[in-house]
Protein chains: 2
Amino acid sequence: MVQYCRPNLDAAFGALSDATRRGVLEQLGRADASITVLAERFQMTLTGMKKHVGVLEQAGLVTTEKVGRVRTCRLGVRGLQEEAAWIERQRQLWAARFDGLDVVVEELKQKEKVNGRNKRK
Amino acid sequence: MVQYCRPNLDAAFGALSDATRRGVLEQLGRADASITVLAERFQMTLTGMKKHVGVLEQAGLVTTEKVGRVRTCRLGVRGLQEEAAWIERQRQLWAARFDGLDVVVEELKQKEKVNGRNKRK
DNA sequence: GCAATACTGAACCATGTGGTTCAGTATACA
DNA sequence: TGTATACTGAACCACATGGTTCAGTATTGC
């Protein structure tokens, strides 16, 4: 039913443009959760939270599975690969545009390199 | 510091959720451009393009300057720093959730490509 | 069996979005 | 000076979004 694994940046960035949904992703980064738990955490009706989860699911950022009465939500395995890739490519264009005259950009690039490669195992 | 730091992720990700606006950013990554040029490139009225540029400007991704009749648009110096940072942090959570399961994740990704996810039912 | 739990779907509402047209204003230039 | 260019703003349109309520259905557990 739901389309997975599509590099749909529109849907993904759209999903990320809402603070509640970003919060849900952060929450799911710590532990899987049911719709009820998420709704309580974000002070919202079940129906409202279900919609948010639906948006995240459509964007391929979250997967859900219903067992008995409970629908459990977890992070999608795809992660934010496509989105990170687009942003990184754009950041390179940015850097090129400001090449040689923007120290800040250079600093940021270095910082990112360090942070990014550190966690890799 | 040119920080100009409004970490308004809502606005930024919202701006990125439209293909036309991502295209404008890519375009501006190659060269500055006027509203007219952008409107022609993306086959849109001046007014329509002005709105898009307004959204990008509001999100801090683009700056504009009017000289004479012409408003020139260029990439904002802030870049996609905040957005990249959020995504990177989230990717770390993702990785942590799937920690030690790297091989499994790879497998799932492959399966997903093949099956199109029919785990329901 | 029955009540509570957990979700689902339809319908509604206010507001926002992506686009248009039309009617301007300000500037450039012959 | 007059006209073409480049943008601007208001108004409008259809549709999407973020939420709600209400009325269900399916499961769980006593």
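Lettering follows sequence order; numbering is per chain, from 1.
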Salt-bridge criterion met for R78(B) and E83(B) (N-O under 4.0 Å): yes
Side-chain donor-acceptor contact under 3.5 Å, Q81(A) with W94(B): no
Shortest non-hydrogen contact between T64(A) and C73(A), atoms and distance: CG2-SG, 3.9 Å
Touch class at under 4.0 angstrom, heavy-atom based, for G68(B) against every strand present: sugar-phosphate
Under 4.0 angstrom between K51(A) side-chain N/O and dG18(D) OP1 or OP2: no
E40(A): partners by salt bridge (Lys or Arg N to Asp or Glu O under 4.0 Å), with sequence neighbours left out: none
Whole-Å gap separating C1' (dT17(D)) and NZ (K50(A)): 16 Å
Contact under 4.0 Å: H52(A) side-chain N or O vs dT17(D) OP1/OP2: no
Residue-phosphate contact under 4.0 Å: R71(B) side-chain N/O, dT8(D) OP1/OP2: yes
Nearest-nucleotide comparison on DNA chain D, the residue closer to the 5′ end among M49(A) and V67(A): M49(A)
Sugar-phosphate, base or nothing in reach of L46(A), heavy atoms under 4.0 Å: base
Nearest-angstrom distance from the residue atom CE of M44(B) to P of dA6(D): 18 Å
Pair E57(B), T63(B): side-chain N/O donor-acceptor within cut-off below 3.5 Å: no
Polar side-chain contact T45(B)-dG19(C) base: donor and acceptor under 3.5 Å: no
Nucleic acid contacts - residues 17-28 of chain B versus DNA chain D, non-hydrogen atoms under 4.0 Å: none
Distance in angstrom units between D10(B) CG and dT17(D) P, rounded: 15 Å
Those residues that, when tested against R41(B), pass salt bridge (Lys or Arg N to Asp or Glu O under 4.0 Å) (two or more places apart): none
Closest nucleotide among dT21(C), dG19(C), dA10(C) to the T47(B) side chain: dT21(C)
Length of the CD-C1' vector between Q58(B) and dT17(C), whole Å: 14 Å
d(NZ, K66(A); C1', dT28(D)) in whole Å: 13 Å
